[in-house]
Student: 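First the structure, then my questions, so here it is.
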Amino acid sequence: MRDSNLLRLLRSLSPTQLNSLRRFLSRNYPVQNQLLQALQKYKPDFPPSEIDEQKIFQATFKTQAFNAQKLNACKYKLKSIIEDRLVMDELHDNPLIYQYVLSQTMASHQQPELFHETNQKIQTLLEASPIGLDHYWWELRQLIYMEYSPATLGHSPDEHAQHQLLEILEKNSILWKLLFNIEVLSKGNYSNDTLTEVPFTKREALRLELVSQTEPVFKLLNQLFLLFKTVQPESFFYNIVVYFKDLSYKVSFLAQVVIVRYIGNYAINNYLQEKEEYLPALAEFYEWALDGHIFSTNKPFSHTLFLNIFLCAVLSESETLKRSLMARFSNALPGNYRAYTILMCKAYDAFHSEAYDKAYHFVHEVRIKGDLNFGIRRQSILLRSVLMLYLNDQVDVEDLLNRTRAYRTFFQRNATYIKSSRINLYLNLEYFISRFVKILLQPERTEAQQVQKLILELEQEACLAKPWLLRTLQSEYVKLISP
């Protein structure tokens, strides 16, 4: 069976949701229930390559002859049922969205009294809810519907309402410019996007300064914007972390996750620029976030963030962070990425435990297509593992040279998608490893001197995994000069 939206949806469902779906189908949709039972044998990953359509058809339609069109129609119906139930679950779990849909229903049924009643409930929910990135947008939408909907019995907004609209419009404009600009700046060191910052008007800049004094979300985002845009002392970063921790309980889950990602991006970028003091601080921050302050086990978890946290735990030697992340949140990973994400984590762990053969084996199994982030991580661990295997006499030099060529080809092929300075960082890893191998292949009397010169050259250049590569070269230099 080919991969499909049905299989992707099934991977995304929790065991509780799958059981609930099965009970619902058994009462209302017996054919789709048979299909689900047949597919459930392949949970939780539902690998397309292992699912035989003819066997699935036989389990669903029993004695009937195989009919691909009939099976496809049944799969489509099951997908639609799952989508409907997920929408209903969302309405049940999010009273704000439920009341909004209800208010629109009352308006379309020309029930102005009920329309006003539901909108009043929306206003009460907004006032009581944590402030999120969509909070101000909800306020704007709510004000527009209250003033301009036909269900308001045709009255036009008065001057006070128009001033409210202007104020909330400006807040939304500033908020989304802030988020857009932080996103552009935070990706500026590794993404080759041509997007640039959107400047604030003088009026917006003044409004941002005023709003930041009274509304914590604006203050925090403005500080993050300044952190990425301008050179700030290290203490500025730590003050943002402390302020976010104090503020986090007032902020919605979506806003929390976005801010965690920005803080992580900034610290990781500084670590890659050889500011290793950011690493223990980031590990402590991630431990705090996982300890019930931000993340919960019943919400989806980004595979990229998962990898960043795990690698941070490995590099900072935090066994607590590693165990907590893997034990509590691996099941929250997206179904399409879960297996490969866990394999990559195992590769990181094995590599930094000097089990290079295991690291190579794990990362070699990661064969996800079309994901540049995974590709970059995979190439780095493959090249570094093969180098260490070569130095330990476990692979031939030809294997290492083949790996350097594959690594270089990968980054040259993807150069248009990665910022040039970042490409140089990646390619320098291959350049110095290739130089090192050539030195080792030369007559022994010159090896030590040339390795020493290579170390001095590497110390002056930006390079991926530079501290690790320096340690490796220095270790080999010591061996070469030892009697």
Side-chain angles (χ1 to χ4, degrees), residues 271-280 283 310-319 322 344-364 366 376-411 424-483:
Y271 172 76
L272 292 174
Q273 295 176 24
E274 301 173 57
K275 297 177 182 177
E276 296 192 21
E277 63 273 13
Y278 279 88
L279 193 62
F310 193 89
L311 181 56
C312 177
V314 169
L315 293 173
S316 61
E317 300 181 352
S318 174
E319 290 296 323
K322 273 198 303 186
M344 186 64 74
C345 289
K346 289 180 177 179
Y348 282 141
D349 207 16
F351 180 85
H352 290 280
S353 300
E354 300 184 6
Y356 304 115
D357 54 341
K358 289 184 178 179
Y360 181 86
H361 170 74
F362 287 134
V363 80
H364 200 262
V366 178
I376 291 172
R377 294 172 189 268
R378 182 176 183 273
Q379 290 294 329
S380 170
I381 293 293
L382 281 173
L383 177 58
R384 294 159 66 192
S385 296
V386 174
L387 172 63
M388 299 311 296
L389 290 171
Y390 170 70
L391 294 176
N392 292 327
D393 297 321
Q394 292 179 265
V395 298
D396 296 330
V397 67
E398 195 58 39
D399 295 321
L400 178 54
L401 293 175
N402 286 339
R403 176 44 51 193
T404 60
R405 284 191 287 269
Y407 179 96
R408 184 169 60 251
T409 299
F410 172 85
F411 284 102
N424 292 335
L425 195 74
Y426 298 135
L427 289 178
N428 275 349
L429 175 64
E430 181 273 329
Y431 169 77
F432 281 103
I433 288 176
S434 294
R435 286 269 307 277
F436 177 53
V437 175
K438 288 177 183 177
I439 291 171
L440 295 182
L441 295 176
Q442 291 179 358
E444 291 184 9
R445 64 180 183 275
T446 63
E447 281 182 340
Q449 183 181 359
Q450 292 196 53
V451 170
Q452 187 179 36
K453 288 175 62 177
L454 188 64
I455 290 171
L456 293 173
E457 185 180 340
L458 175 58
E459 287 174 344
Q460 305 304 314
E461 295 290 336
C463 176
L464 182 68
K466 181 175 175 178
W468 167 82
L469 186 55
L470 278 171
R471 288 194 300 271
T472 302
L473 296 184
Q474 288 160 353
S475 174
E476 292 301 311
Y477 174 71
V478 170
K479 292 178 185 177
L480 290 171
I481 63 174
S482 298

Student: Within the supplied structure, the quantity of interest is the number of heavy atoms (other residues, nucleotides, ligands) at a distance under 6.0 Å from Lys466 NZ; does it exceed 12?
Tutor: yes
Student: If every non-hydrogen atom of Ala359 is compared with every non-hydrogen atom of Ala350, which pair is closest and at what distance?
Tutor: N-CB, 3.6 Å
Student: What residue pairs, at least two apart or across chains, pass ring pair (Phe, Tyr, Trp, His ring centres under 6.0 Å) with a residue in residues 388-411?
Tutor: Tyr407-Phe411, Phe411-Tyr426
Student: May I ask you to check whether over 12 heavy atoms, not counting those of Glu277, lie within 6.0 Å of atom CD?
Tutor: yes
Student: Would Glu447 and Gln442 count as having a side-chain donor-acceptor pair, cut-off 3.5 Å?
Tutor: no
Student: Give a yes or no answer on whether the side chain of Ser380 reaches the backbone of Ile376 with a donor-acceptor pair at less than 3.5 Å.
Tutor: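 Pair absent, no side-chain N/O of Ser380 close to backbone of Ile376.
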Student: Any chance you could measure Ser316, atom OG, to Leu279, atom CG, to the nearest 0.5 Å?
Tutor: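 Ser316 atom OG to Leu279 atom CG measures 5.0 Å (nearest 0.5 Å).
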Student: Quick check on Glu459: does its CD atom have over 12 non-hydrogen neighbours (other residues, nucleotides or ligands) under 6.0 Å away?
Tutor: yes
Student: Using side-chain heavy atoms (C-beta onward) and a distance below 4.5 Å, is Leu382 in contact with Arg378?
Tutor: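 Leu382 vs Arg378: side chains touch.
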Student: Quick one: does any side-chain atom of Asn402 pair with a main-chain N or O of Glu398 as donor and acceptor, under 3.5 Å?
Tutor: yes
Student: Of the non-hydrogen atoms in Leu469 and Leu429, which two are nearest, and what is the gap between them?
Tutor: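 Result for this residue pair: CD2-CD1, 4.1 Å.
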Student: Quick one: does any side-chain atom of Ser475 pair with a main-chain N or O of Arg471 as donor and acceptor, under 3.5 Å?
Tutor: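 The answer is no, because no donor-acceptor pair under 3.5 Å joins these two groups.
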Student: For the pair Trp468 and Phe351, name the ring-plane relationship: parallel under 30°, tilted 30 to 60°, perpendicular over 60°.
Tutor: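 Judged by the thresholds at 30° and 60°, the geometry between Trp468 and Phe351 is tilted.
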Student: Looking only at the aromatic ring of each residue, does the gap between the centers of Phe310 and Tyr348 stay below 6.0 angstrom?
Tutor: no
Student: So, does Asn392 use its side chain to make a donor-acceptor pair with the main chain of Leu389 at under 3.5 Å?
Tutor: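 Checking the backbone N and O of Leu389 against the side chain of Asn392, no donor-acceptor pair under 3.5 Å is found.
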